[in-house]
Amino acid sequence: MKIYLILLIVLFSACKQDVVVDNKNIEIVEVKVEKGESLDLIVYNFNELEPLLNKMDDKIYVVNFWATWCAPCVKELPYFEALNNEYKSKNVEVVLVSLDFPKQYETKLKPFIIKRQLKSKMVALNDVDSNTWIPKVDKEWSGAIPATVIYKNEKRAFYEKSFNLEELKTEVNKFLN
Amino acid sequence: MKKVVKLMLLTAIVFGVWSFTKVENKLEDGYKVGDVVSDFKLENIDGKMVSMASFNEAKGFIITFTCNTCPYAVAYEDRVEALNKMYAEKGYPVIAIMPNSVKAKPEDGMKYMQERAKEKGFTFPYLMDKGQRVYPQFGATKTPHIYVVEKTDKGNVVKYVGAIDDNFQNADEVKHKYVEDAVNALLNGKAIDVTETKAIGCSIKV
């Protein structure tokens, strides 16, 4: 019985360690990216953003809604960056949609993008009428972030959850064939 | 050996149930408009336990899941206080519940809730969802997340779920005051026009 319990504990800590290792790998990827320069931020209202959610060009789009103030979003950003980098050749494009407040674009968002050297396509969404646009992203979305849409032409999936790199790849792989 | 097998079986069952509950809690669950809300008993910032049953005079409640650390929740703090000032006397007091795991967000701990309430002069109870059992019942997914309930013979019935209004950035540019409209309709015995809205918020930290 004792042995069994110990086994269980070992199993759990093994799982935990996996995640840590994962993190390290991603940090290495990040370091390789060239230094960011001054940057022009694209700011859209929802009408302007909507076409990015409905392209029909056989490409797989991974659209992640995030913000610098959202801790779980920031935590998973490296995975989206890694995906964008690794899956480029597989016709996959990551689009990061920031929901940061406009008054913090200069003070928080831009410095964050530069510091983290984010390479994925970046758009800031400034549209206060969320009750109108949230259901247009997905009718199941409660509005909590992080949230992610993966789509290819008319096939699409929506996730109101945090990802690790493995899960993200698994979901994107469902769109590859 | 038999014991081990039994244990393994038990673990499998526990894990099965656990993963199942996790999925269940995700999105579809929780109270919808028309559902009767179970009462809760949670610790307030003054150390006293608060439940809906403690409000004899209330006609209903404006229940808001909120916290110290989410910028959207913070953006609405003054408006939540204004709602309590406006509606507590009329029978619809605000009850704020902090749903985040304090382990995940130490700045949402009781001490910080007390400080925040003092700083902002909250006149409503600010309760800790200790053990995080209440927010999943409601189906709250984020802060802020509001439920307006009406006290009826059946119990407290959900009348509105969603955002306070349609502009978190600027209170002066609000066009639709969803919660006010809902409570006013209830007070006047009229039907509520908009019973459900969506808004961006911070996911509840587990």
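Chain letters run A, B, ... following the sequence lines, proteins first and then strands; every chain starts at 1. Treat the numbers as computed from the prediction; the structure is a model and nothing was measured.
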| message | Counting only heavy atoms from other residues, nucleotides and ligands, does the tally under 6.0 Å from NZ of A:K155 exceed 12? | response | yes
| In residues 52-69 of chain A, which residues are in contact with chain B at a heavy-atom separation under 4.5 Å? | A:W69
| task | Report the distance from atom NZ of A:K161 to atom OG of B:S203, rounding to the nearest 0.5 Å. | result | 12.5 Å
| task | Identify the two heavy atoms, one from A:A71 and one from B:K105, that lie closest to each other, and give their separation to 0.1 Å. | result | CB-NZ, 4.1 Å
| Distance (rounded to the nearest 0.5 Å) between B:D166 CG and A:T132 OG1 | 8.0 Å
| remark: Shortest non-hydrogen pair, A:V128 vs B:Q169, comes out as CG1-CD, 3.7 Å
| Is the count of non-hydrogen atoms from other residues, nucleotides or ligands lying under 6.0 Å from B:K151 atom NZ greater than 12? | yes
| field | Heavy-atom contact with chain A under 4.5 Å, split by part of B:A163 | value | neither
| By a 4.5 Å heavy-atom criterion (distance strictly below it), what part of B:Y72 contacts chain A: side chain, backbone, both, or neither? | both
| note | Value for NZ (B:K205) from SG (A:C70), rounded to nearest 0.5 Å, stands at 5.5 Å
| said: With a strict 4.5 Å heavy-atom criterion, list every residue of residues 97-108 of chain A that contacts chain B, or say none. | reply: A:L99, A:F101, A:P102
| query | Are more than 12 heavy atoms from other residues, nucleotides or ligands located less than 6.0 Å from atom CD of B:E119? | reply | yes
| A:I145, part contacting chain B, at a heavy-atom distance under 4.5 Å | both
| query | Should we say atom OH of B:Y112 is surrounded by more than 12 heavy atoms from elsewhere, each under 6.0 Å from it? | reply | no
| message | Run the side-chain hydrogen bond (donor to acceptor under 3.5 Å, both in side chains) test against B:E173 and tell me which residues pass, sequence neighbours left out. | response | B:N170
| request: Would you please name every residue forming a side-chain contact (heavy atoms from CB on, under 4.5 Å) with B:V74, sequence neighbours left out? | output: B:E77, B:R116
| task | First locate atom CD1 of B:I200, then atom CG of A:N131, and finally report the distance between them rounded to the nearest 0.5 Å. | result | 11.0 Å
| Smallest separation among heavy atoms of A:P135 and B:K198, with atom names | CG-CG, 4.3 Å
